[in-house]
Number of protein chains: 4
Amino acid sequence: MSNNLLKGKKGIIFGALNDQSIAWKVAQKVVAEGATITLTNAPVSMRMGAIKQLGQELNAEVIAADATNLEDLNNLFTKSMEILGGKVDFVLHSIGMSLNVRKGKPYTDVNYEWMKQTFDISAISFHKMMQTMLKLDAINDHGSILALTYIAAQRVFPDYNEMAESKALLESFARSFGYHYGVNKKVRVNTISQSPTWTTAGSGVKGFQEFFDYSAKMSPLGNASAEACADYCAVMFSDLTRYVTMQNLFHDGGFSTMGMNPSILNK
Amino acid sequence: MSNNLLKGKKGIIFGALNDQSIAWKVAQKVVAEGATITLTNAPVSMRMGAIKQLGQELNAEVIAADATNLEDLNNLFTKSMEILGGKVDFVLHSIGMSLNVRKGKPYTDVNYEWMKQTFDISAISFHKMMQTMLKLDAINDHGSILALTYIAAQRVFPDYNEMAESKALLESFARSFGYHYGVNKKVRVNTISQSPTWTTAGSGVKGFQEFFDYSAKMSPLGNASAEACADYCAVMFSDLTRYVTMQNLFHDGGFSTMGMNPSILNK
Amino acid sequence: MSNNLLKGKKGIIFGALNDQSIAWKVAQKVVAEGATITLTNAPVSMRMGAIKQLGQELNAEVIAADATNLEDLNNLFTKSMEILGGKVDFVLHSIGMSLNVRKGKPYTDVNYEWMKQTFDISAISFHKMMQTMLKLDAINDHGSILALTYIAAQRVFPDYNEMAESKALLESFARSFGYHYGVNKKVRVNTISQSPTWTTAGSGVKGFQEFFDYSAKMSPLGNASAEACADYCAVMFSDLTRYVTMQNLFHDGGFSTMGMNPSILNK
Amino acid sequence: MSNNLLKGKKGIIFGALNDQSIAWKVAQKVVAEGATITLTNAPVSMRMGAIKQLGQELNAEVIAADATNLEDLNNLFTKSMEILGGKVDFVLHSIGMSLNVRKGKPYTDVNYEWMKQTFDISAISFHKMMQTMLKLDAINDHGSILALTYIAAQRVFPDYNEMAESKALLESFARSFGYHYGVNKKVRVNTISQSPTWTTAGSGVKGFQEFFDYSAKMSPLGNASAEACADYCAVMFSDLTRYVTMQNLFHDGGFSTMGMNPSILNK
């Protein structure tokens with residue numbers, strides 16, 4: 001079903017790995033709503049994943065780009081504008097990876113070089129993306145930029161490790177750059193703080209199943225799915241939300257507002 | 001322009017006084033998006049305003065109801081279901097009035113009987129509305145309930161007087177009832193925290209023009225208009241935002257996230 | 001042990017019922033730290049409790065006052081100034097009671113007259129207290145006003161019922177009045193958001209034991225005790241915290257910042 | 001004047017450059033309250049500043065340490081325990097420096113290597129400090145760790161540049177490590193969000209005077225001074241605040257809670 005919410009709009013979707021990815025669902029949804037897009041992911045992720053298949057399905061060009069690399073980003077936006085025939089209207093940043101988590105280092109014994117790489121990949125890439133776009137004047141007035149985040153930026157989930165700091169950083173970039181992009185181009189920048197989601201990234205976290213179930217029980221509406229997140233991204237890219245900016249928007253079935261859910265005690 | 005976002009949906013809009021009212025714009029927008037609605041306001045407001053004209057324009061029945069009166073609310077929901085042919089899918093609460101402000105009492109010399117009436121009109125009415133709807137089973141699963149609020153619930157705007165407390169109360173009702181409605185009926189409850197808006201209610205506050213300009217300068221995107229707020233309400237009523245609940249959503253051009261805007265200093 | 005933190009200071013403590021009360025511990029602590037005080041509670045609470053005994057222990061006069069009654073408040077502050085020999089330096093508001101909880105009404109079926117009385121007792125009394133003090137010029141410059149609150153003002157704890165709204169209201173009064181008292185008299189106004197505590201009031205809430213244990217497990221330092229809360233109140237009344245105002249201060253062993261504590265899952 | 005609040009306690013103070021530094025005032029205050037301490041700063045800052053003079057005044061050993069260097073930190077804590085005769089009870093982190101600000105790069109044209117160095121110096125150093133202390137078991141049970149921060153972590157102050165992200169990161173480290181240190185050692189970790197302060201660091205920011213005045217006008221109690229901040233740090237190091245953890249504590253004369261102060265409009 002489509003409401004033509006994004007008819008005539010152009011966009012770029014970062015981070016679609018496979019059909020579990022939220023970015024994958026977002027790509028499908030925005031195209032269904034009338035947008036034309038390019039897809040991008042890191043070369044290594046492209047080899048592991050199935051993004052080309054998605055590109056074919058959606059008739060969207062796939063452009064490899066390491067989001068920590070300024071030249072790659074420059075190339076990505078330049079090419080996307082060529083392919084799409086002009087500036088873009090929206091961008092999704094859905095990138096996150098923790099080296100310390102992947103290598104099994106606990107939060108109280110992290111490797112600091114890995115931590116800095118984690119921040120570069122998961123958060124600074126968002127600033128790099130926006131700085132590059134601003135320099136290239138790559139987004140139309142009233143455009144919309146989104147990044148996906150998690151409530152660990154506000155509250156402690158011990159197994160989330162240094163991703164908590166990555167998300168705190170990411171959300172701060174959204175606020176700061178949201179000011180600059182707002183006054184310069186009327187562009188809005190927001191983050192969506194999504195329920196834990198069964199993706200390749202999410203399920204790599206220790207004890208994810210247990211945690212996923214806890215979160216579902218705590219949330220009055222249950223965990224939000226990747227599909228529901230794609231719906232929410234579509235409205236945030238549409239012209240119906242032009243004055244929402246510099247916000248962190250919880251899309252979590254109410255989890256963030258619960259103090260205690262009796263269903264947790266009755267398990 | 002319409003995206004048929006609310007095709008087949010039924011709703012009730014509280015608080016449309018005249019064509020400056022946000023509720024007026026919301027009513028027009030949701031009908032444009034395919035909904036059928038009833039309109040309601042307090043008898044005294046109906047006499048002052050032009051709601052009947054809006055009813056004719058939108059082919060919507062107007063039902064008088066004092067939102068502090070449980071019988072009136074009972075009648076409103078019962079009749080609305082009859083007229084609309086079943087349970088509703090969405091409701092907007094856009095009601096606020098301060099007796100102490102109206103009568104010129106400063107915040108440090110309030111009349112407490114008026115304060116309680118203010119709370120009853122501006123906030124408790126929201127609980128009454130939801131309690132009545134729950135008893136009548138008047139809303140469909142996955143329905144959406146919204147109330148309009150203001151950032152004075154979080155930060156101090158001295159001239160806003162006891163409306164600050166009214167809004168704090170209103171937002172707390174949204175959270176608490178959001179839990180109950182969520183677990184029982186998958187219904188979501190949210191508040192939209194809107195920029196200062198040129199309405200009959202808003203412009204009654206002391207020094208409103210000066211304040212309106214300050215807010216516009218502070219906000220990277222400027223103040224959000226009533227029309228933009230109506231757009232946002234429409235997406236919050238649509239099926240694209242089903243997992244957003246118990247949230248206070250700032251629709252304010254970025255005001256809430258600004259610490260200092262240089263344009264304030266340079267005036 | 002004493003640090004003479006409040007040497008020469010005068011204060012008023014509302015709400016000491018019996019030796020489980022936080023206000024009881026605060027009274028003992030502030031006197032140990034060198035303050036002279038008066039004690040007050042509602043006539044009905046005085047009959048039930050043991051406040052006179054505390055008065056004798058601390059050499060503090062006990063003045064009956066219904067905190068919802070302006071005449072009683074006027075009398076309380078006037079008499080306190082006579083007894084203490086001048087304006088006061090600090091006041092503690094520790095008052096809360098829900099009629100709907102007491103009478104077993106669920107949150108979705110409240111009696112609205114009782115709700116208004118609950119708000120009057122638990123929250124509006126705080127405004128009345130401050131408005132009366134301001135009119136009588138009853139507090140010294142750089143004085144400190146505190147009220148005790150709970151995190152249900154921000155997040156949902158279903159069994160807390162309408163006390164959630166009472167606390168949201170209370171905290172809003174602290175912010176709003178904090179502005180007025182700050183600019184007029186350099187007086188600061190804050191709320192302390194305390195762990196669930198074994199008091200006569202706390203333990204009256206449904207399922208309190210289960211909830212108390214949950215909160216202790218969730219909090220990295222466990223629940224804060226009434227004694228620890230009294231320590232914190234003492235520093236907030238001292239001259240060492242003169243620039244903290246209009247804040248809600250969590251005194252909860254870290255509960256408020258936890259997203260998930262693994263010890264909850266492993267129970 | 002002293003209350004012997006820290007009698008018998010041992011501590012380490014990072015970041016005292018000269019007598020304008022907040023850390024300088026904190027060092028003086030904690031010693032006045034009965035603590036024995038060591039002082040530390042980066043070698044380069046020690047050459048620029050006057051820390052040795054402070055060491056003599058307070059009879060405190062000065063140990064050079066680059067807070068981004070794990071060996072230096074290891075040496076600092078080891079030597080401090082030798083000198084102080086055992087584990088410490090409290091630590092203050094007061095370190096912040098932005099390379100992009102210093103080199104005049106605007107936020108939308110940052111150098112990313114400098115950004116990473118900024119984060120390392122201003123935020124990751126806090127994690128390094130705590131990780132090193134935990135490994136060395138260098139802090140007593142119920143110890144207290146503080147870092148100084150600024151409200152740019154929550155709201156946008158455009159001239160603050162990448163320090164906004166540094167502070168967001170710093171505060172996230174406090175929360176995350178606060179959990180681990182809490183469950184392991186009952187140690188609490190908090191940040192104090194201080195008013196803009198006339199220090200060598202603060203006054204280096206562009207347009208600082210104008211901004212300082214704006215902040216003072218906006219705050220009902222005016223800007224908090226470095227001396228007042230030292231007082232607040234002392235109470236947070238004392239045993240009277242043992243259950244406050246993982247909090248960001250605003251010490252700002254009410255700035256953080258103001259939406260609009262009429263005195264801004266009347267300038």
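For clarity, every value in this text was computed on a predicted model and none was experimentally measured. Residue numbers start from 1 in every chain, and the chains themselves are labelled A, B, ... in the order their sequence lines are given, proteins ahead of strands.
Summarising the geometry, atom OG1 belonging to B:T257 is positioned 10.5 Å from atom CD belonging to D:Q154; distances are rounded to the nearest 0.5 Å. In this structure, CE in B:M260 is found 12.5 Å from OH in D:Y160, a value given to the nearest 0.5 Å. Atoms CG and CZ, from D:L265 and B:F211 in turn, are 9.0 Å apart once rounded to the nearest 0.5 Å. Between D:F157 atom CZ and B:N261 atom CG the span is 11.0 Å, to the nearest 0.5 Å.
Between B:R155 and D:M258, the shortest heavy-atom contact is CD-O, 3.6 Å.
There is no contact between D:S215 and chain B, counting heavy-atom distances below 4.5 Å.
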